Amino acid sequence: MLPRPPVQRAAPPWLHDAVLPQLPTLGDLAAWLEIEPEELDWFADRWRVPAQNAGTPVHHYSYKVVEKRDGRCRIIEVPKSRLRALQRKVLHGLLDRVPAHDAVHGFRRGRNTVTFAAPHAGKAVVIRFDLTDFFASVHAGRVYSLIRALGYPLGVARALTALCANRVPSAGLLAPDVRDRIDWQERQRYRNRHLPQGAPTSPALANLCAFRLDLRLAGLARSLGATYTRYADDLAFSGGDDLARMAERLELRVAAIAIEEGFAVNLRKTRVMRRGARQHLAGVVVNSHPNLARPEFDALKAVLTNCVRHGPASQNRDGHSNFRAHLAGRVAHAAMLNAARGAKLKGIFDQIEWNLGP
């Protein structure tokens, strides 16, 4: 008996308005990505590179170690140019058509740190939680399950998962500048296939794989008369005096839900911010209304002033390739939070002579 040809199932009912690409076969997927089937095999081969070897030219990622404030480190996994182009196609042609939970504000068009923080303005208490290794916590099996749930056949779901997941070779995890700055649990997350921080598909996939987490935390917030939003690995709750009194119990319930959904709360970074002290989320002060923190305003004003006096090259200490665009973005962010402060910064920015530096 001849096997039945693979069929793409209809999208689930909650996606009835979404128009997903029809990719019933690996040939269709390769054509949609505008590559040859052999190239798809190459990019989607999960076992081509031995786990121990990071230096082989057939590896599709390069690695960058970024130091955290506590002296530990984070590994940024950057896909090489051809794989990155394929991932962008998957992002814009497929993942962007699947909505995340409404409480999510990170990596979504039309949403940002201001929309994340604004619902918590003027509350008696604001409680912030931090998820540990947000991207690395999403393993390849969860990505595969998500893609299957969208209706894609087994082979196509496996190939899409392989295009978007990675494992860090042991040689990279045992390198002298990494070995002593990540713990055993983090090392295991990186060794298993997971969402790489640095791939364009990872933010959208992480948001979608965290849908149940957001659903449960939003339900928990409603049951307490509180508000919940999330920006990447930052979770925020806010409410009145009742929530303030049960802050410790909320911490335990949030941690338990996170563990059940495959994530972990970094309890050392939990912050309970009550009225009377500065309440801030993602750099946005929310005590009465969304506003720019005074130290951040002063620091940016000093940088702009020094750019006017000494030229922009003197202030580009982090080596931004387009320092002008970087500063313009920071000024625009300040203006979005506080129009008066933003106007002052814009006035200084307009005085900078950019022919004196990058």
Side-chain angles (χ1 to χ4, degrees), residues 68-70 100-108 110-134 203 206-207 210-259 261 263-300 330 333-342:
K68 297 181 181 179
R69 293 180 181 177
D70 59 4
H101 191 278
D102 194 53
V104 177
H105 292 260
F107 316 113
R108 296 186 67 185
R111 299 193 177 192
N112 48 47
T113 55
V114 179
T115 63
F116 161 67
H120 305 285
K123 301 294 181 67
V125 64
V126 178
I127 306 174
R128 187 183 76 232
F129 300 94
D130 178 84
L131 296 177
T132 300
D133 292 337
F134 180 54
N207 278 342
F211 190 91
R212 273 177 50 91
L213 173 72
D214 295 318
L215 192 68
R216 294 182 65 184
L217 293 181
L220 172 62
R222 282 195 303 273
S223 71
L224 301 174
T227 300
Y228 164 72
T229 60
R230 178 172 66 81
Y231 191 98
D233 55 0
D234 283 343
L235 316 176
F237 290 79
S238 65
D241 294 329
D242 289 342
L243 183 66
R245 284 190 290 269
M246 64 172 300
E248 290 186 9
R249 280 185 288 168
L250 175 67
E251 182 174 336
L252 293 175
R253 295 179 69 177
V254 169
I257 290 173
I259 289 173
E261 295 302 327
F263 297 94
V265 171
N266 186 342
L267 298 178
R268 293 175 300 175
K269 291 188 176 181
T270 299
R271 297 290 181 270
V272 179
M273 298 167 283
R274 303 178 190 275
R275 184 183 288 136
R278 192 178 75 163
Q279 299 170 324
H280 57 99
L281 296 168
V284 179
V285 176
V286 295
N287 287 74
S288 57
H289 57 83
N291 202 353
L292 183 69
R294 184 74 201 196
E296 185 177 343
F297 169 77
D298 290 341
L300 180 54
R330 292 182 63 184
H333 175 71
M336 184 167 51
L337 289 170
N338 187 311
R341 287 183 178 177

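No experiment lies behind these values; they were computed from the predicted model shown. Worth knowing before you read on, the calculation uses all heavy atoms, side chains too, and leaves out hydrogens, waters and symmetry mates.
Looking at residues two or more places apart in sequence or on another chain, you find a ring pair (Phe, Tyr, Trp, His ring centres under 6.0 Å) between F237 and F129, Y228. Residues satisfying the side chain to side chain donor-acceptor pair (under 3.5 Å) criterion with R108, sequence neighbours excluded, are absent altogether. In this structure, the side chain to side chain contact (heavy atoms under 4.5 Å, CB included) partners of D298, at least two apart in sequence or on a different chain, are R294. In terms of the salt bridge (charged side-chain N to carboxylate O under 4.0 Å, His left out) criterion, E251 has no residue partners (sequence neighbours excluded). Partners of F134 by ring pair (Phe, Tyr, Trp, His ring centres under 6.0 Å), not counting sequence neighbours, listed by chain and number: F263.
Rounding to the nearest 0.5 angstrom, the gap separating the CG atom in N112 from the NE2 atom in H333 is 8.0 Å.
Between K123 and G239, the shortest heavy-atom distance links the atoms CB-O, 3.7 Å. Of all heavy-atom pairs between P119 and T227, the closest is CB-CG2, 3.9 Å. The shortest heavy-atom contact between H120 and S238 is ND1-OG, 2.7 Å. Heavy-atom minimum distance, T113 versus V284: O-CG2, 4.1 Å.
The shortest distance between side-chain heavy atoms of R128 and L235 does not fall below 4.5 Å. Proximity of D234 to D130: side-chain heavy atoms (C-beta onward) are separated by under 4.5 Å at one or more points. Within the 4.5 Å cutoff, the side chain of I257 has heavy atoms near those of the L213 side chain. Taking 4.5 Å as the limit, every side-chain heavy atom of D133 sits out of range of all side-chain heavy atoms of D233. Two residues are said to be in side-chain contact when any heavy atoms from C-beta on lie closer than 4.5 Å; M273 and I127 fail this criterion.
Looking only at distances, no side-chain donor or acceptor of R341 sits under 3.5 Å from a matching main-chain atom of A335. N207 contributes a side-chain N or O that, together with a main-chain N or O of G106, makes up a donor-acceptor pair within less than 3.5 Å.
Applying the side-chain hydrogen bond (donor to acceptor under 3.5 Å, both in side chains) test to every pair with at least one member in residues 270-291, sequence neighbours left out, gives these pairs: N291-N338.
When the options L250, D242, L243 are evaluated for a side chain to side chain contact (heavy atoms under 4.5 Å, CB included) with V125, the one that passes is L243.
No side-chain donor-acceptor contact under 3.5 Å links T229 and H105.
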- [ ] Show your reasoning for whether side-chain contact (heavy atoms from CB on, under 4.5 Å) applies to N266 and L131.
- [x] CA-CA 6 Å; N266 186 342; L131 296 177; over 6 Å; no

